[in-house]
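Single-structure report; data block below.
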Amino acid sequence: MQGSHLEEELDRYYDKKIVTAMVGVRVDVSKVENIAAEIVSDSHVEDVFVVTGEFDIMVKVRFPDYGEFQKYILNRLSKVQGVKDSKTMLVVSIKKENNRVFVE
């Protein structure tokens with residue numbers, strides 16, 4: 001199975017560490033509030049912002065591993081009615097989060 005091989009490679013790369021990502025989502029803007037409300041309901045979603053610019057919604061998610069993150073993007077977010085597309089940016093390191101600084 002190629003899908004599970006890729007998942008194994010990514011798990012090895014991320015060393016089974018928690019995956020944090022920012023996801024920019026383009027949506028049908030006439031439904032942006034309903035779409036945002038549906039996205040908010042997922043327990044892995046930490047923050048949801050309705051924004052201007054290239055995306056309509058920015059979502060911060062955190063998952064226990066890459067496989068769970070992949071399932072969310074492919075099976076949940078992409079199937080929310082009104083979502084046109086998304087762009088995922090994986091977090092490589094955190095310098096400040098929730099007003100807590102991680103840089104020396």
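- The distance from the CE atom of Met58 to the CE atom of Met89 is 4.0 Å, given to the nearest 0.5 Å.
- Note that CD of Glu38 and NZ of Lys79 are 13.0 Å apart. Values are rounded to the nearest 0.5 Å.
- For the atom pair OG1 of Thr20 and CZ of Phe69, the computed distance is 10.0 Å after rounding to the nearest 0.5 Å.
- Of all the heavy atoms in Ala36 and Val48, the pair that sits closest is CB-CG1, 4.2 Å.
- Asp56 contributes no side-chain N or O that, together with a main-chain N or O of Val29, makes up a donor-acceptor pair within less than 3.5 Å.
- A salt bridge links Lys71 and Glu68; the closest N-O separation between the charged side-chain nitrogens and carboxylate oxygens is under 4.0 Å.
- Here the straight-line distance linking atom CG of Asp28 with atom CG of Asn34 works out to 10.0 Å at 0.5 Å rounding.
- A 4.5 Å side-chain heavy-atom check between Leu90 and Val19 finds at least one atom pair inside the cut-off.
- To the nearest 0.5 Å, the span separating CD on Gln81 from NZ on Lys31 amounts to 4.5 Å.
- The main-chain N or O of His44 is found under 3.5 Å from a side-chain atom of Asp42 such that the two form a donor-acceptor pair.
- Summarising the geometry, atom CD1 belonging to Ile94 is positioned 5.0 Å from atom CZ belonging to Arg62; distances are rounded to the nearest 0.5 Å.
- At distances below 3.5 Å, not a single donor-acceptor pair connects side-chain atoms of Thr88 with backbone N or O atoms of Val23.
- Looking only at side-chain heavy atoms (C-beta outward), Phe55 and Arg26 come within less than 4.5 Å of each other.
- Residues Val25 and Val40 share a hydrophobic cluster, clusters being chains of Ile/Leu/Val/Met/Phe/Trp/Tyr side chains in contact below 4.5 Å.
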